[in-house]
Amino acid sequence: MASTAKTPITVCEVGPRDGFQMEDRFIPTDRKVEIVNGLLAAGLRRIQVTSFVSPRAVPQLADADAVMAAIDRPEGAVFSALVPNARGAERAAAASVHAMNVFCSASETHNRKNVNKPIGDTLEGFRDVAAIAQDAGIALTGGIATAFGCPFEGDVPVEQLVTMARFYRDELEIGHIGLGDTTGMATPKTVRAALGALREVVPDMHIGLHFHNTRGVGLANVMVGLEEGITYYDASIGGLGGCPFAAGATGNICTEDLVYLLEESGYETGVDLDALIAVSKKTEAVIGRNLPGQVMKAGPRLRLHPVDAVRTAAG
Ligand code: ZN
């Protein structure tokens, strides 16, 4: 008998980290907690809650410890946080995260701008983080930022992704890597090339994809990921976030739009779309501006309208 089971896809919500960190105005801690709890209530079980960076570097996330302490912890929830160094790892362990995420840019120029260190030194520095995570029994994942292009250097060679993936696997015993399209330069072609190269050299590694919708092709890139068998995608509620190199640009791919696409394509996310849309609208209210998400405006496709309710136009 043919199986009718849908393929489960993991949607990791990164808005509370990747999105919030782009907001200039400080979002009160209890508002952050409400949004995370809303995401959990909508069924999301993977959330990158915050970043344990220096509060001076990212004042918006200075309340990382307080947010982690206050959010709900429903069965099956997996909370991760970015951890740049040993100090951050100690804070993250004390805050009982389930996974620490280290990340390094694939381009030297971007990495220097970001952390003022060469790639080699950045990766070596993660050994301390790995030791702290291991002692605490906390999972560690490795991110590769600007994996599909760098705003300073242009194209990133796939060999660079392979080298970094190997370091994560062989030196830090990391099993899951995330490919970050930090400034929205990925295209279906570059995504396919990167996944093909990685599969050949590190076929045992689990890969997650992190797309930004800066140029409007985020979900097209997801379709390529799905064709290539990738079952893990980052997204942000309402498409929260932005791009430091493009004023007014959109942020990560939008969680509701991604969930809608996946569910309508026969995949299973475990997320209640209506509940998610409600969180998206709440997030708009909290940050005080409109978000770029599409499905939050139009609603699910079979949310039918009364025939007389709206003006119709031909064509
Ligand atoms: Zn990002």
Side-chain angles (χ1 to χ4, degrees), residues 10-24 27 32 35-36 39 44 46-53 57-58 60-61 64 79-84 88 99-107 109-111 113-115 119 122 141-153 156 161 164 168 176-187 190-191 194 207-222 225 230 232-258 283 287 291-293:
T10 302
V11 174
C12 177
E13 171 64 44
V14 298
R17 194 280 303 172
D18 211 347
F20 287 175
Q21 74 177 12
M22 294 293 298
E23 297 296 320
D24 291 332
I27 302 163
K32 289 173 179 154
I35 290 168
V36 171
L39 294 163
L44 283 160
R46 297 273 176 150
I47 302 182
Q48 189 179 55
V49 179
T50 188
S51 176
F52 287 93
V53 284
V58 186
Q60 179 64 260
L61 303 181
F79 298 136
S80 62
L82 279 190
V83 168
M100 299 188 196
N101 314 134
V102 291
F103 84 98
C104 176
S105 285
S107 107
T109 314
H110 188 268
N111 200 59
K113 291 248 182 205
N114 210 26
V115 292
I119 290 171
T122 306
T141 72
I144 302 177
T146 65
F148 304 100
C150 163
F152 309 111
E153 296 184 12
V156 167
L161 307 183
M164 293 175 73
Y168 281 144
H176 173 104
I177 52 169
L179 301 182
D181 183 23
T182 313
T183 61
M185 292 171 73
T187 63
T190 55
V191 172
I207 298 174
L209 293 173
H210 175 105
F211 294 125
H212 283 241
N213 200 35
T214 319
R215 292 174 174 81
V217 295
L219 292 183
N221 292 330
V222 169
I230 301 298
Y232 190 107
Y233 298 89
D234 288 353
S236 72
I237 186 77
L240 198 62
C243 174
F245 304 101
T250 58
N252 298 82
I253 58 169
C254 167
T255 311
E256 315 88 87
D257 295 4
L258 174 65
T283 306
I287 65 169
L291 288 170

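Numbering of ligands and ligand atoms starts at 1, following listing order. Quantities reported herein were computed from a predicted structural model and do not represent experimental measurements. Throughout, residue positions are numbered sequentially from 1 according to the sequence presented.
Nearest N, O or S atom of D18 to the Zn ion (ligand 1): atom OD2.
Of the listed residues (V11, T10, V222), just one forms a side-chain contact (heavy atoms from CB on, under 4.5 Å) with Y233, and that residue is V222.
Expressed to the nearest 10°, the angle at the Zn ion (ligand 1) joining NE2 in H210 with NE2 in H212 is 100°.
At a cut-off of 2.8 Å, D181 is not counted among the residues with an N, O or S atom near the Zn ion (ligand 1).
Put simply, the side chain of N221 does not reach to within 4.5 Å of the side chain of F148, judged on heavy atoms. No side-chain heavy atom of V115 sits less than 4.5 Å from a side-chain heavy atom of P84. Side-chain contact between T255 and L44 is present, with at least one heavy-atom pair separated by less than 4.5 Å.
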